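Proteins come first, then strands; the chains are lettered A, B, ... in the order of their sequence lines, and each starts at number 1. Just the heavy atoms: all of them, side chains too, but no hydrogens, waters or symmetry mates, feed the values below. Because the structure is a prediction, the values reported are computed rather than measured.
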Amino acid sequence: MSASIGPQAPIPDLRAGAGAAQGGRHGACWAIGTHGTRQQIPVVKRKHGKVKSHPNGSRRSKGRTKMSVVSSTFGGVQLSADDAKKFNDQVTYGRPKPAAVASFARGRPLAKQYARKGYAIVKPRP
Amino acid sequence: MAAPDAFAIRAIRADDALNKLSLGKPEFAPLKTFLRNRALKFEAGLLARTYVLVASEDAERGGRVWGYVTLVACEVQTTSQNCPEDETGWPTDLAMPAIKLARLAVHKELQGKDLGTQLVGWAMALIIEHVACRVGCRLLVTDAKRGSVGFYEKLGFTMLDTEDNKRRDAPVMFVPLRKLKPAS
């Protein structure tokens with residue numbers, strides 16, 4: 001169960017874990033986003049009802065707004081809240097950009113050459 | 001030493017000269033440090049694969065490195081409560097397998113000469129034609145430095161279009177690979 005997000009929605013209890021008590025697999029809590037919107041942020045509930053961490057592995061600190069994008073150079077990408085929804089929409093319904101098609105087309109002969117010889121030859125633009 | 005006329009893209013070797021790469025800006029220092037100190041270790045540990053640009057005559061022997069790209073397997077994990085299954089039936093609250101373009105660098109004298117473009121194009125084709133056809137892999141992802149966002153957009157990367165992402169020092173950009181794959 002999750003509460004609706006809308007202009008009429010009351011601002012719920014912001015204490016850590018208060019949202020988790022409202023139910024759901026991961027539960028949910030509320031925060032005021034950095035751009036002034038209310039965001040629903042899932043939290044993990046411990047056995048004793050205390051918030052341990054966000055499912056993306058980051059520690060939540062009291063009173064600090066959390067980014068909903070977490071990505072490290074050699075790690076995965078974790079998205080929550082609006083970013084997750086937007087990402088899923090973009091991946092599901094979006095089409096590849098013509099520039100991506102062109103990049104792929106440019107790279108195909110190089111990949112073929114690499115597979116055959118173990119290297120691919122490229123030249124810089126003069 | 002003048003830059004060569006032609007380059008080879010190949011896997012990094014232990015006898016490559018890794019310490020002559022100059023990128024021109026202090027903010028690129030981590031890219032040099034990675035190449036010098038970590039790339040071979042990560043390679044040996046199967047943690048990341050690095051492919052280097054060397055003079056074409058060094059294609060089959062150690063040589064000076066003029067640029068490189070590093071690729072690593074990763075996943076995109078979404079934790080939204082309102083994500084339906086996508087059109088392939090993949091529940092979108094599961095992680096999506098992806099490849100991350102973790103590092104990309106080209107020597108300062110060669111920047112703006114399409115070598116970065118060719119490295120990314122080669123990587124994209126390699127992933128689609130040689131990785132995604134054998135191992136599930138839905139996306140090519142990168143954390144683009146702010147100054148490089150335009151470069152990646154020209155190559156067809158899409159910016160994750162949210163305020164949080166746009167505010168990051170290195171916003172997440174991606175290319176969905178499935179619809180790029182030619183019909184087999």
Side-chain angles (χ1 to χ4, degrees), chain A residues 2 24-26 28 33-35 37 40 42 54-56 67-69 71-88 90-112 114-115 117-126, chain B residues 3 5-10 47-48 53 56 59-60 72 74-83 86-87 92 95-96 100 102-103 110 113-115 117-118 120-126 128-130 139 141 143 153-158 160-165 168 170 172 175-176 179-180:
Chain A
S2 64
R25 187 159 52 113
H26 294 305
T34 48
H35 46 288
T37 57
Q40 198 174 18
H54 190 271
N56 65 21
M67 294 292 277
S68 52
V69 183
S71 182
S72 61
T73 308
F74 291 95
V77 181
Q78 288 148 350
L79 306 171
S80 58
D82 289 349
D83 296 272
K85 179 78 172 70
K86 186 79 187 186
F87 172 79
N88 283 317
Q90 284 183 300
V91 169
T92 303
Y93 305 113
R95 306 206 67 77
K97 290 181 175 179
V101 177
S103 280
F104 173 50
R106 263 195 311 270
R108 284 186 88 178
L110 296 175
K112 196 176 276 183
Y114 182 85
K117 302 196 317 198
Y119 59 86
I121 298 295
V122 292
K123 290 189 173 179
R125 194 178 57 196
Chain B
D5 295 333
F7 295 86
I9 303 172
R10 61 151 169 79
L47 296 168
L53 268 181
S56 55
E60 295 180 273
V72 59
C74 78
E75 63 180 21
V76 179
Q77 175 77 57
T78 58
T79 54
S80 168
Q81 297 184 335
N82 300 312
C83 294
D86 74 3
E87 67 210 52
T92 50
M96 273 193 197
K100 183 173 262 190
R103 296 286 194 202
L110 297 166
K113 295 191 172 183
D114 274 355
L115 289 170
T117 302
Q118 293 182 77
V120 175
W122 167 80
M124 201 183 281
L126 182 85
I128 293 172
E129 300 206 321
H130 299 282
L139 304 157
V141 182
D143 296 338
E153 277 176 342
K154 279 186 200 160
L155 297 177
F157 280 73
T158 301
L160 173 59
D161 190 18
T162 63
E163 291 303 318
D164 265 6
N165 187 49
R168 299 182 79 234
V172 172
V175 180
K179 292 172 187 169
L180 272 180

Novice: Among B/V175, B/T117, B/T158, which residue has the highest count of heavy-atom pairs closer than 4.5 Å to chain A?
Specialist: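 Among the listed options, the one with the most contacts to chain A is B/T158.
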Novice: Checking B/A59 now: which residues fulfil side chain to side chain contact (heavy atoms under 4.5 Å, CB included) with it, not counting sequence neighbours?
Specialist: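 Applying side chain to side chain contact (heavy atoms under 4.5 Å, CB included) to B/A59 gives A/Y119, B/A8.
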Novice: So do the side chains of B/Q77 and A/V77 get within less than 4.5 Å of each other, counting heavy atoms only?
Specialist: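 They are not in contact (no side-chain heavy atoms under 4.5 Å apart), so the answer is no.
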Novice: Which bit of B/V120 is near chain A, if near means a heavy-atom gap under 4.5 Å: side chain, backbone, both or neither?
Specialist: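 Neither part; nothing is under 4.5 Å.
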Novice: What part of B/L47 lies closer than 4.5 angstrom to a heavy atom of chain A: side chain, backbone, both or neither?
Specialist: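 It is neither, since no heavy atom gets under 4.5 Å.
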Novice: Decide yes or no on side chain to side chain contact (heavy atoms under 4.5 Å, CB included) for A/F87 and B/M96, but give the supporting numbers first.
Specialist: CA-CA 11 Å; A/F87 172 79; B/M96 273 193 197; 4.3 Å; yes
Novice: Non-hydrogen atoms of chain A under 4.5 Å away: do they reach the side chain of B/L115, the backbone, both or neither?
Specialist: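 Only the side chain of B/L115 comes within 4.5 Å of chain A.
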Novice: Please check this pair: side chain of A/K123 against backbone of B/D5, looking for a donor-acceptor N/O pair closer than 3.5 Å.
Specialist: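 Pair absent, no side-chain N/O of A/K123 close to backbone of B/D5.
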Novice: Heavy-atom distances under 4.5 Å only: say whether B/E153 touches chain A with side chain, backbone, both or neither.
Specialist: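 Both the backbone and the side chain of B/E153 come within 4.5 Å of chain A.
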Novice: Under 4.5 Å heavy-atom distance to chain A, tell me which part of B/A6 shows up: side chain, backbone, both or neither.
Specialist: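 Contact with chain A: backbone and side chain both.
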Novice: Can you tell which of B/L53, B/V72, B/L126, B/L160 has the highest number of heavy-atom pairs within less than 4.5 Å of chain A?
Specialist: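 The answer is B/L160.
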Novice: Can you list the residues that meet the side chain to side chain donor-acceptor pair (under 3.5 Å) rule with B/D143, with sequence neighbours excluded?
Specialist: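 For B/D143 the side chain to side chain donor-acceptor pair (under 3.5 Å) partners, ignoring immediate neighbours, are A/S71, B/K100.
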Novice: Any side-chain heavy-atom pair from B/Q118 and A/R106 closer than 4.5 angstrom?
Specialist: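 Side-chain contact under 4.5 Å: no.
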